[in-house]
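One structure below.
All values below come from the heavy atoms of this structure, side chains included, with hydrogens, waters and symmetry mates left out.
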Amino acid sequence: MKELFRIPIAICGQEMMDPSSRGGSSYSLSDDVLPPVELPKYIISPRDRYYRIWMHFLVVLVVYTAWISPFELGFLKKPDRGLLIADNVVNAFFAIDITLTFFVAYFDEFKYDYITEPKKIAWQYATTWLMFDVISTIPTEFTRNILPSSFQTYGLLNMLRLWRLRRVSAMFARWEKDMNYNYFLVRCVKLICVTLFAVHCAGCFYFKIAANYHDPLKTWIGASFGNFHEKGIWINYVTSMYWSITTLTSVGYGDLHPQNTGEMIFVTFYMLFNLGLIAYLIGNMTNLVVHGTSRTRRFRDTIQGASDFAQRNKLPDHLREQMLAHLRLKYRTDAEGLQQQETLDSLPKAIQSSISNFLFYPIVEQIYLFKGVSKDFLFQLVSDMKPEYFPPKEDVILQNEAPRDFYLLASGAVNLLNSTDREEVVRKLQAADICGEIGVLCYKPQPYTVRTKRLTLLLRLNRTSFFNTVQSHVGDGTIIMNNLLLRLKESTEPKLEEFLTETVSILARDKKDLPFSLCFAVSKGDHRLLHELLKRGFYPNEVNENGQTALHIAASMGSVHCVRLLLDNGADPNSKDSEGKIPLWEAIVGGYENVIRLLTDNGASLCLGDSGQFACTAAEQNSLDLLENIVRYEGDVTMPKSDGYTALHVAVTEGNVEIVKFLLNHGADIDKFSNDNWSPRSLAEQQGHEAIIALFQDRNEIKDRSPRMAPVPMMRVLKKVKSEPPMHPPASEGTPVIGVSANSRLRRQTSNFHNSIFGMMSVARTSDKGQRPVSSMASLNTGIQRNYSARVTICCPEKGRLAAKLVALPGSLQELLEIASTEFGISATKVLTKDLAEVDDIALIRDGDHLIIVSDHISWMNQNNQNV
């Protein structure tokens, strides 16, 4: 794992030797930062691989020019044939480069983009360095022929070719920023090249002065060698270099010194130049050496300061060793390039997040606490983690300290120590484990000391940052709570059992405090959470805001495990939602055969749902398979919807002949009128469906029009719902139980619970239901206790359909009847649900329920049945 974080992460500019540098400015831009170049025909990109090879080849020719131009000036009186040919070949290459530059895109510093238009490229080059490049490329023979005889000294005009040295300077600047080259070596090579070029030029110029003096014996070299003109070029060149180096290094002149005024003047200026050159060389070399040793010096000073501090304050040996070990680790990680947090902090937030997720996401998704949460939640969580290295035997968390952070182990190992009486190892954690989460999530002092066993990489997550992320992902927070409760339940450690017992006693007060619900568990496809909730006594037929039960959701998702669990715990297989749909219909629409079989085996039948709605939906979708399934599972395809339209109406409107035949074969009435007096026959004639009209005419239109007997009104049996027994946590198992308190609807939470994840999730659920939410994480941390009450809608059919009120749920059923009597002006005696089930306990009413208030429920029921 440690090798994973050795990847150097750096963004540095790389100076490009492109045509923009000819405009008087150069830029340090990396290839990744520069915009992409879209090149027209015949235009070359300055980032082209072959063009860069060409530029490096020209640098080699520049090195040759830098040596030969001063040499020809100082030591040659007339052209040498070999050197003349070599010079012209070099000039030819640079002439090719001049032509090539007219087709190379350049970088515009104002537009921050490449200019690829040929005219602009030509104008840019022509108005900048074209003239200097042309002059430095003119052949020597040409200049000697066009200049006057007094200016025909060989080698003088060759000095103009030193203009090409700018290419070498740009190359060194690019190498200094290139991470593929050692900075120290590049700087040293550059300093050596500058020194050698200065010594070479000075020796050539000094010899030129002596060679042109009228009396050879009164020169610096003639005084030692006599008639030096008779000596060879090589001896004269070595002598000149010897003088130049001794002068540059200021070691004195034992044998060579100026003899005439001209030489004295040259030496004076050369020595002044040497002052600056020596200062430049010494300064650069000093910086390079100091840069290599300063980190070690700072480390030694830090270690010495820490040792003095420990000795002065008489710290115990183990604390002193931990402090020094941490400082040594920091030095080592800096030396090995492992200071990943410093690197990440220097990058933009988006890049930080991408890198953190690439490095740490595979580790975090293995942590038990985050099993089953969404990827979006984990992505945000990983972005907030801070990687930290800890040396062996260092305390990461101390027992009983405040819960501020918890840690995920990326590599290494730690021990959990109980330091109450004596230190004992409670548990050992390896990579992909988590420590400190119990204290943070339960808002308790940390139960154990966490101490590293070896070099360990930990991912630190701050409590406030974690809760901020959970607040925006309430569903994932529920899964985390469930994972934490399961871990507490499975643990045999006394301290964790104590935490569990205390948490259970708070959760048992009122299960609506937390966003636990069967619908939520099913929507996440978490059959383990669903099973746990059903074991805790949750009502299997609870509905969500859309009137759907958990069985509806499970059937629509095709979750066989969830459907089986719900049916085994008494869920109604024929429960209707607000649109009249039943779970079997959801499974049929989804095509989940296993779920369909499971529901029908438990008594599900489409005839107990809104068959008319089902048939019309199938006809609208032109789905003959759906209609066949409706018939197969005891549905009636001839039943109308609430607006009187049947599936045959819809099929005629859609013009689907096959579905019309199917419906006619199953008894559909072609003269069945809708609420707006349209029959399938009239629709077919109005829309001109000839094939459907022919089908209608072929059928026997002699129908049995004998009046059907009206159904005998039957008194609906008024169901009595018994109160659910209050749930208490078992003393033996310590299983978390969430129950209903019938005595009080108020939430009373201790400060610890309020600041824990359970209290935070309770507030989040209250906020989702439209009640007064906690404004921020700051209010969570204050420990302020708040009270919340449920709200219900009460209506009175005796006063009309619009007689409804939204009221706060009181503490008893009698108080609710008194509120209803006052609001509607009746003597309220009974409270019914929207399914006409009588309510005999206030504890059975939930937040958001719709209740019916009646005075004489027997007479009202008789009247209601007669209307039916």
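Of the residues T452, T456, L455, the one that meets the side chain to side chain contact (heavy atoms under 4.5 Å, CB included) test with Y389 is L455.
Surrounding CZ of F132 are at most 12 heavy atoms belonging to other residues, nucleotides or ligands under 6.0 Å away. Heavy atoms of other residues, nucleotides or ligands lying less than 6.0 angstrom from OH of Y64 number more than 12.
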Using the rule given for side chain to side chain contact (heavy atoms under 4.5 Å, CB included), can you reason through F377 versus T469, listing the C-alpha separation, both sets of side-chain angles and the distance that settles it, and then say yes or no?
CA-CA 7 Å; F377 175 81; T469 306; 3.6 Å; yes
Starting from the C-alpha separation in whole Å, work towards a yes-or-no answer on side chain to side chain contact (heavy atoms under 4.5 Å, CB included) for T101 and Q124.
CA-CA 10 Å; T101 304; Q124 168 72 13; over 6 Å; no
Stepwise side chain to side chain contact (heavy atoms under 4.5 Å, CB included) test for V364 and M385
CA-CA 10 Å; V364 176; M385 293 181 179; 3.7 Å; yes
Applying side chain to side chain contact (heavy atoms under 4.5 Å, CB included) to I303 and L324, what does each step give before you reach the verdict?
CA-CA 7 Å; I303 292 294; L324 296 181; 4.3 Å; yes
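Residues T137 and R164 have side chains in contact (heavy-atom distance under 4.5 Å, counting atoms from C-beta outward). Annotation: side chain of R49 is not in contact with side chain of R52 (no heavy-atom distance under 4.5 Å). Side-chain contact between F94 and S136 is absent, with no heavy-atom pair separated by less than 4.5 Å. Contact check for L256 versus T246: no side-chain heavy atoms found under the 4.5 Å cut-off. Between I96 and W54 there is a side-chain heavy-atom pair separated by less than 4.5 Å. Proximity of F269 to I265: side-chain heavy atoms (C-beta onward) are separated by under 4.5 Å at one or more points. Contact check for I233 versus L76: side-chain heavy atoms found under the 4.5 Å cut-off. Using a 4.5 Å heavy-atom threshold, the side chains of F358 and I355 count as separate.
Rounded to the nearest 0.5 angstrom, N91 CG and I138 CD1 are separated by 9.5 Å. Rounding to the nearest 0.5 Å gives a distance of 10.5 Å between CG of L248 and CG of L275. Taking OG1 from T116 and OH from Y42, the interatomic distance works out to 15.5 Å, rounded to the nearest 0.5 Å. Taking CG of L73 as the reference point, atom CG of L162 lies at 9.5 Å (rounded to 0.5 Å). Atom CZ of residue F390 and atom CG of residue L458 lie 5.5 Å apart, to the nearest 0.5 angstrom. Atom-to-atom distance recorded for D384:CG and F379:CZ is 11.0 Å, nearest 0.5 angstrom.
Every residue two or more places apart in sequence or in another chain that forms a ring-ring contact (aromatic ring centres under 6.0 Å, His included) with F207 is listed here: F75, F228. Residues passing the side chain to side chain donor-acceptor pair (under 3.5 Å) test with N236, sequence neighbours excluded: none.
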Identify each donor-acceptor pair in which a side-chain atom of residues 188-206 lies under 3.5 Å from a protein atom, sequence neighbours left out, and give them as a table.
from : atom 1 : to   : atom 2 : distance (Å)
T195 : OG1    : L191 : O      : 2.8
H200 : ND1    : Y237 : OH     : 2.9
H200 : NE2    : W67  : O      : 2.8

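The nearest pair of heavy atoms linking K453 to P392 is O-CB, 3.7 Å. Q259 and T219 make their closest contact through CG-O, 3.1 Å (heavy atoms, listed as atom of the first residue, atom of the second, distance). Smallest separation of non-hydrogen atoms from K218 and N260: O-ND2, 2.9 Å. Closest approach of I121 to I43, counting heavy atoms only: CD1-CD1, 4.1 Å. The two residues A413 and Q430 have their closest heavy-atom pair at CB-OE1, 3.6 Å. Counting all heavy atoms, side chain and backbone alike, M264 lies closest to T268 at O-OG1, 2.7 Å.
R167 and D97 are joined by a salt bridge, as a carboxylate oxygen and a charged side-chain nitrogen come within less than 4.0 angstrom of each other.
The aromatic ring centres of Y270 and W243 sit less than 6.0 Å apart. Two rings, from W175 and F172, have their centers less than 6.0 Å apart.
Using modelled atom types, no side-chain atom of S69 and backbone atom of A66 make a donor-acceptor pair closer than 3.5 Å.
Using a 3.5 Å distance cut-off with no hydrogens or angles, the side chains of R161 and T65 do not pair a donor with an acceptor. A donor-acceptor contact closer than 3.5 angstrom links the side chains of D308 and Q304.
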